[in-house]
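Okay, so here's the structure we're looking at.
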Amino acid sequence: MDDQRNLFCPNYDACLHQVVKKGWEGWSCRGCDLRHFRVGQPTAQQFAVARPGGWDAQ
């Protein structure tokens, strides 16, 4: 998991902005101290229910 990005990091948008600004093809959170910090990460059940078109969506 260390090679992936942390979508629930409070700095994710700022990092994404820098990646686009610098023209990088991608990045990871491997060396970041906040790589395991999660804000607002849903549980699997919350994610499944919240998805439009999910298994129990109306």
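Note that these values count all heavy atoms, side chains included, but never hydrogens, waters or copies made by symmetry.
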Give the minimum heavy-atom separation between Cys29 and Arg35, together with the two atoms involved.
O-CB, 3.2 Å

Is it possible for you to say whether Val19 and Leu7 belong to one hydrophobic cluster, with membership spreading through side-chain heavy-atom contacts below 4.5 Å?
yes

Is there a donor-acceptor contact under 3.5 Å from the side chain of Arg5 to the main chain of Trp27?
yes

Residue pair Asn6, Arg38: steps toward the side chain to side chain contact (heavy atoms under 4.5 Å, CB included) verdict
CA-CA 8 Å; Asn6 177 2; Arg38 304 282 192 259; 2.8 Å; yes

When clusters are formed by joining ILVMFWY residues with side-chain heavy atoms under 4.5 Å apart, either directly or through shared neighbours, do Phe8 and Phe37 land in the same one?
no

Separation between CG of Leu16 and SG of Cys9, rounded to the nearest 0.5 Å
12.0 Å

